[in-house]
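Below, all heavy atoms of this structure are taken into account, side chains as well, without hydrogens, waters or symmetry copies. Chain letters run A, B, ... following the sequence lines, proteins first and then strands; every chain starts at 1. Quick caveat: nothing in here was measured; it's all calculated off a predicted structure.
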There are 2 protein chains.
Amino acid sequence: MGRKTQGELLKHVLLERLMHYYYFLGERPGEDSPETVSSGQIAKFLNMDDTLVRKDLAALGVRGHPRIGFKTHEVLAAIRNVLGFEKTNKAIVVGAGRLGGALAAYSGFSKCSLFIVAAFDSDPQKQGSVLAGTVVQPMENLEAVIQRHNVRLAILTVPADPAQEIADRLVRAGIRAIWNFAPKALVVPSGVVVRHEHIVAGLAELAYHLKNIAEQET
Amino acid sequence: MGRKTQGELLKHVLLERLMHYYYFLGERPGEDSPETVSSGQIAKFLNMDDTLVRKDLAALGVRGHPRIGFKTHEVLAAIRNVLGFEKTNKAIVVGAGRLGGALAAYSGFSKCSLFIVAAFDSDPQKQGSVLAGTVVQPMENLEAVIQRHNVRLAILTVPADPAQEIADRLVRAGIRAIWNFAPKALVVPSGVVVRHEHIVAGLAELAYHLKNIAEQET
DNA sequence: TAGATTGTTAATCGATTAACAATC
DNA sequence: TAGATTGTTAATCGATTAACAATC
């Protein structure tokens with residue numbers, strides 16, 4: 001199987017690219033023989049160099065076939081394997097606002113074997129409403145649910161203010177990965193991973209482009 | 001003012017870092033003298049090297065002061081200037097689902113001088129509901145609104161399927177920057193910038209971490 | 001002054017790309 | 001076979017970091 005030596009952690013830029021490959025291969029525009037794919041095809045679609053695609057796939061232990069390319073299902077299986085999609089990851093959503101709702105309802109997660117088991121909100125108004133098939137629960141239930149379902153992943157969509165405090169609770173209750181959409185940098189003990197999704201950062205590129213356009217027009 | 005020579009475009013990684021600086025300086029945890037900030041402070045908070053912070057600020061033409069650091073308001077002004085936050089950017093939201101709603105309602109945009117002037121949805125059910133202070137309009141009004149308000153930026157939160165077709169309409173109507181949250185790669189003519197926000201990609205890192213943890217436990 | 005911090009050059013490091021033989 | 005594509009080494013490129021003199 002040519003698996004990567006254990007112990008060497010893959011870089012997160014590589015992991016992100018894997019996710020791009022995974023989604024591209026999963027819903028490729030209708031092809032005649034989607035059973036194979038060449039590094040060139042992937043590269044072209046994702047606007048990158050084909051050598052890099054081959055390097056990435058080699059790092060997963062997938063072997064291609066000269067003149068043919070890579071077997072799609074092998075690539076998909078390797079990515080699933082590396083990212084742990086063979087097993088379902090249970091997650092909770094903390095903060096049942098609009099963003100929390102959008103994420104909880106996002107259907108694309110199932111492809112990644114991600115399953116939302118519960119949602120929480122401190123607002124009594126929101127408690128009891130149905131989100132992603134589960135009832136929004138009060139924050140008091142947090143620890144109990146995490147422990148009962150053995151949840152390791154939390155999606156945090158609360159305001160900046162209570163974010164750190166909630167993160168602390170999550171970690172204490174057994175959460176080991178936090179997907180943080182709160183506009184606040186979190187401090188967590190080692191062994192816990194935080195992915196800070198600072199969405200506004202993406203606006204910078206667009207704003208910069210628009211400013212340059214406006215200046216040209218002058 | 002030591003402005004950067006015109007014509008050299010700043011890299012988008014740099015632009016993203018600028019946004020991080022901007023938000024950090026904008027709401028720094030209560031300090032005694034928040035009038036100045038050192039590259040070390042910024043670096044520590046954002047978990048990066050202080051040399052890189054100084055390089056970035058130098059690229060903007062901001063000059064620091066030995067022993068003192070940088071004047072906060074100068075840094076903020078320089079970033080606003082580079083990213084074009086002196087002028088308001090009008091934007092529309094296309095797709096008034098949960099994610100569209102979350103983005104339309106996001107209060108952090110005002111800091112970036114981003115102002116949502118209208119929202120659209122093809123679903124008659126959603127039309128007429130109020131989102132971010134404006135009424136959700138039918139898609140038919142798209143071109144008229146873009147032209148009337150001179151909108152250049154569109155936030156796209158529609159399903160993958162109609163995304164390309166809508167993007168084409170947007171570009172034809174005068175949109176020059178698309179913030180794409182649809183799970184679909186868009187093709188646009190040169191002169192138009194697309195920022196594809198593939199949120200699920202961020203999950204890769206967390207899933208990988210969780211898998212490694214699970215393996216260690218075995 | 002001593003010490004903190006900048007600004008900048010040089011060194012390092014890593015990621016990406018180019019080149020090309022190997023393969024079917 | 002000729003040609004397409006992989007796999008891999010070497011070259012390049014750029015980003016990050018180290019080092020340290022300059023400054024106040």
Side-chain angles (χ1 to χ4, degrees), chain A residues 1-5 8-21 25 28 31-75 78 201 204-205, chain B residues 1-5 8-21 25 28 31-75 78 201 204-205:
Chain A
M1 265 292 164
R3 200 79 50 71
K4 184 99 185 179
T5 326
E8 292 179 44
L9 289 183
L10 301 175
K11 299 281 156 55
H12 76 278
V13 275
L14 166 56
L15 295 172
E16 286 199 16
R17 286 200 301 266
L18 292 186
M19 201 63 122
H20 287 286
Y21 303 159
L25 294 176
R28 212 146 32 124
E31 301 263 323
D32 287 353
S33 60
E35 313 211 338
T36 65
V37 66
S38 73
S39 57
Q41 288 171 310
I42 298 178
K44 191 179 173 194
F45 181 81
L46 296 175
N47 222 351
M48 55 192 291
D49 196 277
D50 57 313
T51 308
L52 184 52
V53 175
R54 292 202 292 280
K55 277 250 172 88
D56 285 348
L57 297 184
L60 304 187
V62 189
R63 294 201 57 90
H65 308 275
R67 252 177 73 76
I68 291 166
F70 297 83
K71 293 195 179 154
T72 308
H73 76 270
E74 283 183 7
V75 177
E205 191 185 346
Chain B
M1 266 291 164
R3 200 77 50 73
K4 184 97 184 180
T5 326
E8 291 178 45
L9 287 183
L10 300 175
K11 298 284 156 54
H12 76 278
V13 276
L14 166 57
L15 295 172
E16 287 199 15
R17 286 199 302 265
L18 292 187
M19 201 63 121
H20 286 286
Y21 303 159
L25 294 175
R28 211 149 31 125
E31 300 262 323
D32 287 351
S33 58
E35 312 210 341
T36 64
V37 66
S38 74
S39 57
Q41 288 171 310
I42 298 177
K44 191 179 174 193
F45 181 80
L46 296 175
N47 222 350
M48 55 192 291
D49 196 277
D50 57 314
T51 308
L52 184 53
V53 176
R54 291 201 293 279
K55 277 251 173 86
D56 284 349
L57 296 184
L60 304 188
V62 189
R63 295 200 58 89
H65 308 277
R67 253 176 71 77
I68 291 166
F70 296 84
K71 293 195 178 153
T72 308
H73 76 271
E74 282 183 8
V75 176
E205 192 186 346

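The partner of C:dA22, taking Watson-Crick or G-U wobble pairs whose two distances both stay under 3.5 Å, is D:dT5. The base-pairing partner of C:dA10, taking Watson-Crick or G-U wobble contacts with both distances under 3.5 Å, is D:dT17.
Listed candidates were D:dA18, D:dT5, C:dT16. Nearest to the side chain of B:Thr51 is D:dA18. The nucleotide whose nearest atom lies closest to any side-chain atom of B:Arg17 is, among D:dT16, C:dT16, D:dT6, D:dT16. The nucleotide whose nearest atom lies closest to any side-chain atom of A:Leu52 is, among C:dT16, D:dT8, D:dG7, C:dT16. The side chain of B:Ser39 approaches C:dT6 more closely than any other nucleotide in the set D:dG7, C:dG7, C:dT6. With distances taken from any side-chain atom of A:Pro66 to the nucleotides D:dT6, C:dT6, D:dT9, the minimum falls on D:dT6. Of the listed nucleotides (C:dT5, D:dG7, D:dA19), C:dT5 has the atom at the smallest distance from the side chain of B:Ser38.
Taking atom NZ of residue B:Lys11 and atom P of nucleotide C:dT16, one finds them 13 Å apart after rounding to whole Å. Counting to the nearest Å, the C1' atom of D:dT17 and the CE atom of B:Met48 are 12 Å from each other. For the pair A:Leu57 CG and C:dT16 C1', the computed distance is 16 Å after rounding to whole Å. Put simply, CG on B:Asp50 is 16 Å from P on D:dC20, counting in whole angstrom units. Distance B:Ile42 CD1 to C:dT5 C1': 13 Å, rounded to the nearest Å. Regarding A:Lys44, its NZ atom lies at a distance of 16 Å from the C1' atom of D:dT5, rounded to whole Å. One atom, NE2 of B:His65, and another, C1' of D:dT23, lie 12 Å apart when rounded to the nearest Å. We find that CG of B:Asp56 is positioned 15 Å from C1' of C:dT8, with the value rounded to whole Å.
Of the candidates B:Val62, B:Val53, B:Ile42, B:Val75 forms a side-chain contact (heavy atoms from CB on, under 4.5 Å) with just one, namely B:Val62.
Each of B:Asp49 and A:Phe70 lies near DNA chain D, and the nucleotide nearest A:Phe70 is the one positioned closer to the 5' end. Of the residues near DNA chain C, A:Val13 and A:Arg54, the one whose nearest nucleotide (by heavy atom distance) lies more toward the 5' end is A:Val13.
With contacts defined as side-chain heavy-atom distances shorter than 4.5 Å, the pair B:Glu74/B:Arg63 does not qualify. Looking at heavy atoms from C-beta onward, B:Leu60 lies out of side-chain contact with B:Asp56 at the 4.5 angstrom threshold. At a threshold of 4.5 Å between non-hydrogen side-chain atoms, the residues A:Arg17 and A:Leu52 count as touching.
A donor-acceptor contact under 3.5 Å links the side chain of A:Lys55 to the base of C:dT17.
How far NE2 of A:His20 is from CZ of A:Phe45: 10.5 Å, rounded to the nearest 0.5 Å.
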